[in-house]
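Ligands are counted one by one from 1 in listed order, and the atoms in each one are counted from 1 as well. Quick note: residue numbers are just sequence positions, from 1. All of these numbers come straight from a predicted model, not from anything done at the bench.
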Amino acid sequence: MRFAPLSLFSFLLLLLFTEAMINPVDFLALQAIRKSLDDSPGSNFFSSWDFTADPCSFAGVYCDGDNVTALNLGDPRAGSPGLSGRIDPAIGNLYALTELTIVPGRIMGSLPDTISHSKNLRFLAITRNFLSGEIPASLGELRGLRTLDLSYNQLTGSIPPSIGSLPDLSNLILCHNHLNGSLPRFLSQTLTRIDLKRNNLTGLISPTSLPPSLQYLSLAWNQLTGPVNQVLIRLNQLSYLDLSLNRFNGAIPGQIFGFPITNLQLQRNFFYGVVKPANQVTIATVDLSFNRFSGEISPLLSSVQNLYLNNNRFTGQVPVTFVDRLLASGIQTLYLQHNFLTGIQISPAADIPVSSSLCLQYNCMVPPVQTPCPVKAGPQKTRPSTQCNEWRG
Ligand SMILES: *[C@@H]1O[C@H](CO)[C@@H](O)[C@H](O)[C@H]1NC(C)=O
Ligand SMILES: *[C@@H]1O[C@H](CO)[C@@H](O)[C@H](O)[C@H]1NC(C)=O
Ligand SMILES: *[C@@H]1O[C@H](CO)[C@@H](O)[C@H](O)[C@H]1NC(C)=O
């Protein structure tokens, strides 16, 4: 490493005045980091960064003995405008760093791949900035990395396979970027959260690419394809699943309705087949809308509070348990519009609770009750009978 004369001078000054000494490598790294970043107007995070004092006393700098172990850059208070500038490659000289965070702001440029020299890094979170370029494949060398959160940036390229092989990864949050390519295979058996929504990911998901430890999985708003039944069947600890707005197809295993899920979002794909839960479903929200599901609606779904089955190919009568639950205020949303349903047993005088929404429009029946539907359901109350007859063959 080259010691810039001025930096060395400030370091020697510091030597004169303090006892507990940060090591010189970390001292110079902090100086370089400081030089390439600035407070955005309205933030004064760096006001305490006066290099004639011990850097371990600076805002956001945490030391263990003479080593910097955590760096939390920027004023963390809500509404702080954050920092601008770039991340200096000298960040990788902080060998003992275990945690690096930067608050939302206007940081540009790429994440330097020298970050892989901070071998002890466990927590890396730089969200809601303007990071661009690719995610360095060298992050895979940070074998202790548990959380990687680079969400809400401008990252491009694919997710390096090396990230999938991190042995202790537990949270991977890369949502709202421009990542493309396919999903890597994840080897960590303690991975609990993957959020990749709003990227440009493509391709198939192989059955063994996601570990059963997952509790939160969002792949929404990508262009992923193929069936996922063999993938999902293994993920029996999921409490949140969002696969909406992709090009997935194939059937949905009935078992997933028995997982501890509270929110199941599968809308706007090409899923097809019969929806067959094994037991009464206790998920709060189930959205299966805009797919190609068919067959009769299972009465086991009537305990869902918000159920979106609209824009599919469901047929037959709506089970009477749905009407009972609706009138008892047990259902808040029941969207059945744009299917091929042939009837529902509900009295035209039935008193539907004001807190509940029922939409029956554009099915193979005249809705027995008039209820407000979302505007997108269109003005037509009933599906043209030609389509209905065709359907019944
Ligand atoms: C600081 O880091 C150096 C080099 O990584 C290491 O040898 C030393 O033990 C560390 N000091 C403390 C107090 O952890
Ligand atoms: C996805 O890719 C398309 C075509 O390459 C591009 O137009 C679009 O902006 C990209 N979307 C995101 C979220 O990056
Ligand atoms: C991903 O996007 C980059 C440009 O950011 C492009 O060069 C590359 O071909 C794309 N890869 C895939 C698999 O679409």
**Report entry** Heavy-atom nearest option to atom 2 (O) of ligand 1, drawn from V68, T69, N67, D66
**Finding:** N67
Requested in this report: Select the closest option to atom 13 (C) of ligand 1 among L94, N120, V25, D64, judged by heavy-atom distance.
Outcome: D64
**Report entry** Contacting atoms of ligand 3, where contact means under 4.0 angstrom from a heavy atom of N180
**Finding:** 1 (C), 2 (O), 3 (C), 8 (C), 10 (C), 11 (N), 12 (C), 14 (O)
Query raised in the report: Is the closest protein non-hydrogen atom to atom 7 (O) of ligand 2 under 4.0 Å?
Result: no
What is the nearest protein non-hydrogen atom to [atom], stated with its residue, atom name and distance?
atom: atom 14 (O) of ligand 2; result: H178 ND1, 2.8 Å
atom: atom 4 (C) of ligand 2; result: N200 ND2, 4.6 Å
atom: atom 5 (O) of ligand 3; result: T156 CB, 3.9 Å

Query raised in the report: Looking at OH of Y216 and CG of L191, how far apart are the two atoms once the value is rounded to the nearest 0.5 Å?
Result: 13.5 Å
Query raised in the report: Step by step, would you call R86 with D88 a salt bridge (Lys or Arg N to Asp or Glu O under 4.0 Å)?
Result: CA-CA 6 Å; R86 291 167 172 268; D88 196 281; over 6 Å; no
Query - Y95, any N or O under 3.5 Å of ligand 1 N or O - result: no
Query raised in the report: Below 4.0 angstrom, N of the basic side chain to O of the carboxylate: do E141 and K119 qualify?
Result: yes
Report task. Establish, for the pair R268 and F290, whether the NZ or CZ atom is under 6.0 angstrom from the six-membered ring centre and no further than 45 degrees off its axis. Result -> yes
Report task. Decide if atom CD of Q345 counts as having more than 12 heavy atoms of other residues, nucleotides or ligands within a radius under 6.0 Å. Result -> no
**Report entry** Q154/H178 under side chain to side chain donor-acceptor pair (under 3.5 Å): CA gap, chis, key distance, verdict
**Finding:** CA-CA 6 Å; Q154 313 279 336; H178 306 295; 3.2 Å; yes
